Colleague: 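Sharing a structure here in structure tokens format.
Note that the structure is a prediction, hence the values are computed from the model and not measured. Sequential numbering from 1 along the given sequence is applied to the chain's residues. For the numbers below, each heavy atom of this structure counts, side chains included, while hydrogens, waters and symmetry mates do not.
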Amino acid sequence: MLVKGIKRGKTIELLEEIDVPDEREVLLEIKEVPSFWTVYQNYRARMAQEGIVFEDEMFENLRDRSVGREVDL
């Protein structure tokens with residue numbers, strides 16, 4: 001079971017209910033959630049390591065420029 005929580009002092013507040021009776025002893029494995037910036041930097045480093053380069057020209061015509069669904073009345 002993987003449950004997210006927030007540490008506040010010596011207390012960890014779980015962000016969802018778990019199916020464990022009250023007063024039951026549990027073991028926790030703590031994994032720190034990396035920040036967005038750390039994940040982004042790791043992503044950019046891996047792209048550079050793999051030699052993957054994104055050029056602006058690759059995305060020029062990516063957006064759908066249609067006016068939407070045409071309706072004939």
Colleague: Tell me whether Phe59 shares a hydrophobic cluster with Met47, the cluster being built from Ile, Leu, Val, Met, Phe, Trp, Tyr side chains joined at under 4.5 Å.
Modeller: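 The answer is yes; both residues are in one hydrophobic cluster.
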Colleague: Pairs under 3.5 angstrom only: tabulate donor-acceptor contacts from the side chains of residues 13-32 to other protein residues two or more places apart or in another chain.
Modeller:
from  : atom 1 : to   : atom 2 : distance (Å)
Glu13 : OE1    : Arg8 : NE     : 2.8
Glu13 : OE1    : Arg8 : NH2    : 3.1

Colleague: Between Leu62 and Ile52, is there shared hydrophobic-cluster membership here, with clusters defined by ILVMFWY side-chain heavy atoms closer than 4.5 Å?
Modeller: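 Same cluster: Leu62 reaches Ile52 through Ile, Leu, Val, Met, Phe, Trp or Tyr contacts under 4.5 Å.
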Colleague: Determine the minimum heavy-atom distance between Pro34 and Val39, stating which atoms define it.
Modeller: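 Residues Pro34 and Val39, closest heavy atoms: CG-CG2, 3.8 Å.
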Colleague: What pair of heavy atoms forms the shortest contact from Lys4 to Val33, and how long is it?
Modeller: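 Result for this residue pair: CE-CG2, 4.3 Å.
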